[in-house]
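Taking it in order: structure first as structure tokens, then the write-up.
The first residue of the sequence shown is numbered 1, and numbering continues consecutively from there.
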Amino acid sequence: MGKKGDLSDFERGMVVGARRAGLSISKTADLLGFSRTTISRVYREWSEKEKISSERQLCGRKCLVDVRGQRRMGRLVRDDRKATVTQITTRYNQGMQNTISERTTRRTLKQMGYSSRRPHRVPLLSAKNRKQRLQFAQAHQNWTIEDWKNVAWSDESRFLLRHSDGRVRIWRKEHESMDPSCLVSMVQAGGGGGGVMVWGIFSWHTLGPLVPIEHHLNATAYLSIVADHVHPFMTTVYPSSDGYFQQDNAPCHKAQIISDWFLEHDNEFTLLRWPPQSPDLNPIEHLWDMVEREILIMDVQPTNLQQLRDAIMSIWTKISEECFQHLVESMPRRIKAVLKAKGGPTRY
């Protein structure tokens, strides 16, 4: 049976063209696969009204949110990216004669290109931070992957027994991922709060030790880590003294006794000058995220700190070489992203 429904403009044009070429209604129907009734109607509409396009899309219930209403809804979203559908609907209906439902709000937002997404977490940056990040990127923009293989990356991280990250969601369009209103600022974690804190190190060549930190990490405790773990790691992995050790700018890292220790060993490896508030540049952050995800999908969740510590240590040892090498190989892209952002936050 031939097609009886509404035809596209192209299909209507084929019908008119076939009939004008001299084909009968039956032959046109056989050729194009439409019903004879449809062929007759389309050609008659063209002959009498020169109609070649369908007007069926004009049928149906009038949209409750017109162009002006979409502009209003867009302003509500931009004013509060974290607003729920219920909140947006309530605010939209205030002072409106024709109110809408939450279902209409959700459908309208989708038509406008908005979707509910997790915001990118970026470092909280001052103008001075941005300048120093940009200077670091400029100084290392010509470093190759081979150069980055000489860097050992380190950091501390805290894992909570009962994970709660306040799963914030925002409304944004596809191209707005790095819009300032669509970002969530963060600061690098200190040593307070409950849970298990660990320090780790890795390079392109090998995954280093993961060290549990029993109490608050102060300069004295960090000096023990540097002497007991950083030193043997650097001298073993980089015996030619061509290695760089990376650490962030946490207060305990900048203590005088730490600076003095690195100065005493500067003939064995180089301390990489690191820009402030730059976790997006440190590939070890991705390893922390991976450990966190693995904990969350465990069949049996840790119920005490010892179980959590054991889980963290076990997951760390199972990180594949391919995984951490891929992270080091991403460094040229990270540098390029900071340059493009002129020292601002990046997706990493």
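For W153 and W204, the distance between ring centers is not under 6.0 angstrom.
For the pair A29 and S35, the tightest heavy-atom approach, listed with the atom from each and the gap, is CB-C, 4.3 Å. Pairing each heavy atom of T220 with each of I257, the nearest pair is N-CD1, 4.2 Å. When every heavy atom of Q277 is checked against every heavy atom of L125, the shortest pair comes out as O-CD2, 3.5 Å. Contact between I213 and E156 at its shortest, heavy atoms only, is CD1-CG, 4.1 Å. Smallest separation of non-hydrogen atoms from M234 and G243: CE-C, 3.9 Å. Closest approach of A219 and C252 over heavy atoms only: N-CB, 3.8 Å.
Relative orientation of the F269 and H231 rings is tilted, given thresholds of 30° and 60° on the angle between their planes. Between W143 and H140, the two ring planes are perpendicular [angle over 60°; tilted spans 30° to 60°].
Between the CG atom of L207 and the CH2 atom of W316 there is a distance of 5.0 Å, given to the nearest 0.5 Å. Rounding to the nearest 0.5 Å gives a distance of 10.5 Å between CZ of R19 and CH2 of W46. Interatomic distance, H286 NE2 to R293 CZ, rounded to the nearest 0.5 Å: 9.5 Å. L271 CG to H253 NE2: the interatomic distance, rounded to the nearest 0.5 Å, is 10.5 Å. With rounding to the nearest 0.5 Å, the separation of OG1 in T346 from CZ in R333 is 12.0 Å. Note: E102 CD to T86 OG1 = 3.5 Å, rounded to the nearest 0.5 Å.
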Residues T84, T89; criterion side-chain contact (heavy atoms from CB on, under 4.5 Å); working and verdict: CA-CA 9 Å; T84 64; T89 304; over 6 Å; no
R12 and E45: CA distance, side-chain angles, deciding distance, salt bridge (Lys or Arg N to Asp or Glu O under 4.0 Å) verdict: CA-CA 10 Å; R12 297 173 72 89; E45 290 175 349; 2.5 Å; yes
side-chain contact (heavy atoms from CB on, under 4.5 Å) between D155 and E285, intermediate numbers included: CA-CA 8 Å; D155 193 20; E285 294 289 340; 2.9 Å; yes
Test log, rule side-chain contact (heavy atoms from CB on, under 4.5 Å), inputs K340 and K336: CA-CA 6 Å; K340 184 176 180 181; K336 187 176 295 185; 5.7 Å; no
side-chain contact (heavy atoms from CB on, under 4.5 Å) between T105 and L109, intermediate numbers included: CA-CA 6 Å; T105 299; L109 289 171; 4.0 Å; yes
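At least one side-chain heavy atom of R130 sits less than 4.5 Å from a side-chain heavy atom of P345. In this structure the side chain of N129 reaches within 4.5 angstrom of the side chain of S126, judged on heavy atoms. In this structure the side chain of V198 reaches within 4.5 angstrom of the side chain of W288, judged on heavy atoms. In this structure the side chain of Q135 never reaches within 4.5 angstrom of the side chain of P275, judged on heavy atoms. You'll find the side chain of L134 reaches within 4.5 Å of the side chain of L339, heavy atoms only. The closest side-chain heavy-atom distance from S26 to I39 is not below 4.5 Å. Side chains of R334 and V338 form no contact here, defined as non-hydrogen atoms less than 4.5 Å apart. With contacts defined as side-chain heavy-atom distances shorter than 4.5 Å, the pair D242/T270 does not qualify.
With sequence neighbours left out, R273 forms a side-chain contact (heavy atoms from CB on, under 4.5 Å) with no residue at all. Looking at residues two or more places apart in sequence or on another chain, you find a salt bridge (Lys or Arg N to Asp or Glu O under 4.0 Å) between R91 and D80. The salt bridge (Lys or Arg N to Asp or Glu O under 4.0 Å) search around D147 returns none, not counting sequence neighbours.
In terms of modelled atom types and a separation under 3.5 Å, the side chain of E264 and the main chain of W261 share no donor-acceptor contact. Of the possible donor and acceptor atoms, one in the side chain of Q301 sits under 3.5 Å from a partner among the backbone N and O of I295. Not a single donor-acceptor pair under 3.5 Å links the side chain of D310 to the backbone N or O of Q307. Between the side chain of R72 and the backbone N or O of Y92 there is at least one donor-acceptor pair closer than 3.5 Å. In this structure, the side chain of N93 engages the main chain of I100 through a donor-acceptor pair within 3.5 Å. Between the side chain of T236 and the backbone N or O of F233, no donor-acceptor pair lies under 3.5 Å. With hydrogens and angles disregarded, a donor-acceptor distance shorter than 3.5 Å links the side chain of N282 to the backbone of S154. Side chain of T317 to main chain of S314: a donor-acceptor pair is present (N/O by atom type, distance under 3.5 Å, no hydrogens or angles).
Looking at S278 and R133, their side chains do bring a donor and an acceptor atom within 3.5 Å of each other. No side-chain donor from either of T108 and Q70 sits under 3.5 Å from a side-chain acceptor of the other. Checked by atom type, the side-chain pair S101/T104 shows a donor-acceptor distance below 3.5 Å.
In Q306, the CD atom is crowded: over 12 heavy atoms of neighbouring residues, nucleotides or ligands sit closer than 6.0 Å. Counting non-hydrogen atoms of other residues, nucleotides and ligands closer than 6.0 Å to CZ of F262 gives a total above 12.
Cluster membership for I145 and Y238, using ILVMFWY side-chain heavy atoms within less than 4.5 angstrom, is not shared. One hydrophobic cluster, built from ILVMFWY side chains closer than 4.5 Å, holds both M96 and V77.
For the pairing with Q247, the side-chain hydrogen bond (donor to acceptor under 3.5 Å, both in side chains) check across W199, W274, Y222 returns one residue only, Y222.
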